[in-house]
*Asks:* 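Quick one: structure below, then a few questions.
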Amino acid sequence: PSFKNLCKQIQDEFYEITKDPSKIIDSMWVNISSYRHHNTIHSHNVDTYPYKKYSGVMYLKVPKDSGRLVIVNPLNLNYQMPITPKEGQVIFFPSVVPHFVEINNSQEDRISIAFNFTE
């Protein structure tokens with residue numbers, strides 16, 4: 001219940017991009033990355049067929065040098081797209097896309113909320 005308004009806000013923003021009202025957030029979690037923490041390469045819901053799920057992340061606190069989100073091309077893992085997040089920014093991507101978060105070199109926590117959509 002405490003995330004209900006946040007879920008609606010994110011779903012409304014996703015709808016503005018996709019025009020697809022069938023997608024709803026089915027899971028959500030908070031990431032708090034302290035000094036030197038990072039997330040290794042992973043993807044979400046890779047066993048979902050026909051790959052219609054989407055994931056995303058909303059950044060709440062992003063200190064300088066706290067690590068970029070790196071999106072990886074699943075067909076060529078050498079092609080990577082680093083994104084320097086900003087506070088309040090929401091990033092959406094297909095759930096099957098590999099990604100990782102670089103090391104937090106800041107003495108402050110990086111805080112984000114990650115989520116998955118389903119139909």
Side-chain angles (χ1 to χ4, degrees):
S2 58
F3 283 99
K4 186 175 182 178
N5 289 338
L6 179 61
C7 287
K8 181 172 180 352
Q9 179 184 354
I10 292 169
Q11 287 173 188
D12 289 348
E13 190 168 333
F14 189 74
Y15 175 75
E16 285 297 314
I17 296 167
T18 65
K19 305 299 185 216
D20 184 352
S22 69
K23 305 289 191 278
I24 59 169
I25 294 175
D26 70 347
S27 58
M28 178 179 271
W29 60 98
V30 175
N31 294 303
I32 300 175
S33 297
S34 301
Y35 177 65
R36 303 297 295 161
H37 287 186
H38 68 285
N39 294 88
T40 59
I41 191 165
H42 65 282
S43 59
H44 303 205
N45 303 315
V46 292
D47 59 347
T48 303
Y49 184 80
Y51 308 119
K52 291 185 180 178
K53 284 197 174 186
Y54 290 87
S55 296
V57 60
M58 178 180 201
Y59 290 90
L60 303 181
K61 182 179 177 188
V62 186
K64 185 177 180 194
D65 298 323
S66 63
R68 300 176 297 180
L69 170 66
V70 182
I71 305 292
V72 180
N73 182 333
L75 302 176
N76 179 355
L77 298 180
N78 292 318
Y79 182 77
Q80 301 177 352
M81 183 177 69
I83 300 168
T84 303
K86 298 175 181 64
E87 289 183 14
Q89 183 177 23
V90 179
I91 299 170
F92 301 108
F93 50 90
S95 297
V96 297
V97 172
H99 56 284
F100 62 93
V101 180
E102 296 173 331
I103 293 173
N104 180 358
N105 288 312
S106 169
Q107 295 293 324
E108 298 179 58
D109 291 343
R110 178 186 60 240
I111 303 173
S112 63
I113 298 176
F115 47 87
N116 292 319
F117 286 91
T118 192
E119 292 186 10

*Asks:* Would you check if Ile10 and Phe3 make a side-chain contact, meaning some heavy-atom pair closer than 4.5 Å?
*Replies:*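 They are not in contact (no side-chain heavy atoms under 4.5 Å apart), so the answer is no.
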*Asks:* Rounded to the nearest 0.5 Å, how far apart are CG of Asp20 and OH of Tyr15?
*Replies:*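 Spacing of CG (Asp20) from OH (Tyr15) equals 9.0 Å.
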*Asks:* Which ILVMFWY residues can you reach from Val70 by hopping between side chains whose heavy atoms are under 4.5 Å apart?
*Replies:*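 Besides Val70, the hydrophobic cluster comprises Ile41, Val72, Leu77, Phe100, listed by chain and residue number.
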*Asks:* Identify the heavy atoms of Ser95 and Ser43 that sit nearest to each other, and give their distance.
*Replies:*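 Distance-wise, the nearest heavy atoms are O-CB, 3.5 Å.
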*Asks:* Is the closest side-chain heavy-atom distance between His99 and Val57 below 4.5 Å?
*Replies:* no
*Asks:* Within the structure provided, determine whether Ser112 and Asn31 are in side-chain contact (heavy-atom separation under 4.5 Å).
*Replies:*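 Yes; the side chains approach each other to less than 4.5 Å.
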*Asks:* What's the spacing between Leu69 CG and Ile91 CD1 if we round to 0.5 Å?
*Replies:* 5.0 Å
*Asks:* Are there over 12 heavy-atom neighbours, none belonging to Lys19, within less than 6.0 Å of that residue's NZ?
*Replies:* yes
*Asks:* How long is the straight-line distance from CD of Gln11 back to CG of Leu6, given to the nearest 0.5 Å?
*Replies:*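 Result: 9.5 Å between the selected atoms.
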*Asks:* Is Asp12 atom CG crowded by more than 12 heavy atoms from other residues, nucleotides or ligands, each under 6.0 Å away?
*Replies:* yes
*Asks:* If you count the non-hydrogen atoms of other residues, nucleotides and ligands that lie under 6.0 Å from NZ in Lys8, is the total more than 12?
*Replies:* no
*Asks:* What pairs with Phe14 under ring pair (Phe, Tyr, Trp, His ring centres under 6.0 Å), at least two apart in sequence or on another chain?
*Replies:* Tyr54, Phe92, Phe117
*Asks:* Is there a continuous path of hydrophobic side-chain contacts, each under 4.5 Å between heavy atoms, that joins Val30 to Phe115?
*Replies:* yes
*Asks:* Please evaluate residues Arg36 and Asn104 with respect to the criterion side chain to side chain donor-acceptor pair (under 3.5 Å), reporting the C-alpha separation (whole Å), side-chain torsions for both, the decisive distance (0.1 Å), and the verdict.
*Replies:* CA-CA 5 Å; Arg36 303 297 295 161; Asn104 180 358; over 6 Å; no
*Asks:* How far does OH of Tyr35 sit from CG of Asn105, to the nearest 0.5 angstrom?
*Replies:* 6.5 Å
*Asks:* Check whether any side-chain heavy atom of His38 sits under 4.5 Å from a side-chain heavy atom of Val101, and report yes or no.
*Replies:*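 Side-chain contact under 4.5 Å: no.
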*Asks:* Is a donor from one side chain sitting under 3.5 angstrom from an acceptor on the other, for Asn116 and Ser55?
*Replies:* yes
*Asks:* Are Ile17 and Met58 linked, directly or through other ILVMFWY residues, by side chains that come within less than 4.5 angstrom of each other?
*Replies:* yes
*Asks:* Atom NZ in Lys53, atom OG in Ser27: separation rounded to 0.5 Å?
*Replies:* 7.0 Å
*Asks:* For Ser34, check side-chain hydrogen bond (donor to acceptor under 3.5 Å, both in side chains) against everything at least two apart and list the hits.
*Replies:*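 So Ser34 forms a side-chain hydrogen bond (donor to acceptor under 3.5 Å, both in side chains) with Asp109.
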*Asks:* To check you understand the geometry: which heavy-atom pair defines the closest contact between Glu108 and Pro63, and what is its length?
*Replies:* CB-CG, 3.5 Å
*Asks:* Just verifying a value: how many Å separate Ile103 CD1 and Asp65 CG, rounded to the nearest 0.5 Å?
*Replies:* 12.0 Å
*Asks:* Short question: side chain of Glu102, backbone of Arg68 - any donor-acceptor pair under 3.5 Å?
*Replies:*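 Pair found, side chain donor or acceptor close to backbone of Arg68.
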*Asks:* Does a side-chain heavy-atom distance below 4.5 Å link Glu87 with Lys61?
*Replies:*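 Counting from C-beta outward, Glu87 and Lys61 do come under 4.5 Å.
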*Asks:* Within the structure provided, determine whether Lys86 and Val62 are in side-chain contact (heavy-atom separation under 4.5 Å).
*Replies:* no
